[in-house]
*Asks:* 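Take a look at this one; I'll ask things after.
In what follows, every chain begins at residue 1, and chains take the letters A, B, ... in the order their sequences are listed. What you see below is based on every heavy atom in this structure, not just the backbone, and it leaves out hydrogens, waters and symmetry mates.
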Amino acid sequence: MRYWLMKSEPAEFSIDDLAREGHVAWFGVRNYQARNFMRDQMRVGDGVLFYHSTCAEPGIAGLAEVSVPAYPDATQFDAGGKYFDSKATQENPRWFNVEVRYVKHTRLLPISELRGYPELATMRILAKGNRLSITPVDPDEWNFILKHLG
DNA sequence: GCCAACGTTGGC
DNA sequence: GCCAACGTTGGC
């Protein structure tokens, strides 16, 4: 059982959208490190902090969980689509996605508040220049954050 | 809109 | 295989 933080731009896909749909494929990741996390480490039942990025109030907005293990991301084969990858083939796919299930909304826990807790100082998301859209969360960090979400 | 940080690309 | 140039991310 591992824990993760997954970023999403609410203008594209918010916690409200996840709540409405219940269950979604996390397609469109085009970064090898993030792909490797999904493909090699994410397991059904892993906990997910759903994070809103690139918006007025960036921060943790809800909880989700991994519901389906990684499989090839269908959008890489969609010629003309935004996520098409001409180097990917059915026999040798390059990109993978897990699926995640909505668990619940939380209060918005802003990144400014996260930065204020010494207990969270080593979180990947808070590291200078961090751009990874999927990052591992330590169990201690997970427990601390859940406690502070009330 | 700014800009620092980072990943990827492509010429050599 | 190096590395400069470029595009993207994302908080502020």
*Asks:* Round to the nearest Å and state the distance from D85(A) atom CG to dT9(B) atom C1'.
*Replies:*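 After rounding, the reported distance stands at 13 Å.
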
*Asks:* Let me know the distance between CD of E12(A) and C1' of dG10(C), rounded to the nearest Å.
*Replies:*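 The answer, rounded to whole Å, is 14 Å.
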
*Asks:* What's the CZ-P distance between R94(A) and dT9(B), to the nearest Å?
*Replies:*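 To the nearest whole Å, that distance equals 7 Å.
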
*Asks:* Supply the atom-to-atom distance H148(A) NE2 to N143(A) CG, rounded to the nearest 0.5 angstrom.
*Replies:*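 Separation between the atoms: 12.0 Å.
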
*Asks:* Are Y117(A) and F144(A), when compared by the centres of their aromatic rings, separated by less than 6.0 Å?
*Replies:*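 Between F144(A) and Y117(A), which both carry aromatic rings, the centre distance is below 6.0 Å.
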
*Asks:* Between P on dG7(B) and CG on N36(A), what's the gap in Å once rounded to a whole number?
*Replies:*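 To the nearest whole Å, that distance equals 13 Å.
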
*Asks:* Rounded to the nearest angstrom, tell me the gap between atom CD1 in I134(A) and atom P in dG10(C).
*Replies:*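 Whole-Å distance recorded here is 11 Å.
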
*Asks:* From the list dG10(C), dT8(B), dG7(B), which nucleotide is the closest neighbour of the side chain of T54(A)?
*Replies:*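 So the nucleotide nearest the side chain must be dG10(C).
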
*Asks:* Choosing from dG7(B), dT8(B), dG11(C), which nucleotide comes nearest the side chain of R115(A)?
*Replies:*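 That would be dG11(C).
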
*Asks:* Distance alone, cut at 3.5 Å: any donor-acceptor contact between the side chains of H23(A) and S67(A)?
*Replies:*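 Indeed, the side chains of H23(A) and S67(A) share at least one donor-acceptor pair under 3.5 Å.
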
*Asks:* Measure from the side chain of K128(A), starting at C-beta and using heavy atoms only, and say which of dG11(C), dT8(B), dA4(B) lies closest.
*Replies:*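 Given the options dG11(C), dT8(B), dA4(B), the side chain of K128(A) is closest to dA4(B).
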
*Asks:* Is the shortest side-chain N to carboxylate O distance from R107(A) to E113(A) below 4.0 Å?
*Replies:*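 Counted as a salt bridge, because a side-chain N and a carboxylate O are separated by less than 4.0 Å.
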
*Asks:* Quick one: I125(A) CD1 to dA5(B) C1', roughly how many Å, whole number?
*Replies:*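 About 14 Å, once rounded to whole Å.
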
*Asks:* Starting at CZ of R30(A) and ending at P of dT9(C), how long is that distance when rounded to a whole Å?
*Replies:*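 Checked: the CZ to P distance equals 12 Å.
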
*Asks:* For a quick test of reading the model: is some side-chain N or O of Y51(A) closer than 4.0 Å to OP1 or OP2 of dT9(C)?
*Replies:*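 For Y51(A), the contact criterion (side-chain N or O under 4.0 Å from OP1 or OP2 of dT9(C)) is not met.
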
*Asks:* Report the distance from atom OH of Y32(A) to atom P of dT8(B), rounded to the nearest whole Å.
*Replies:*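 Those two atoms, OH and P, are 7 Å apart.
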
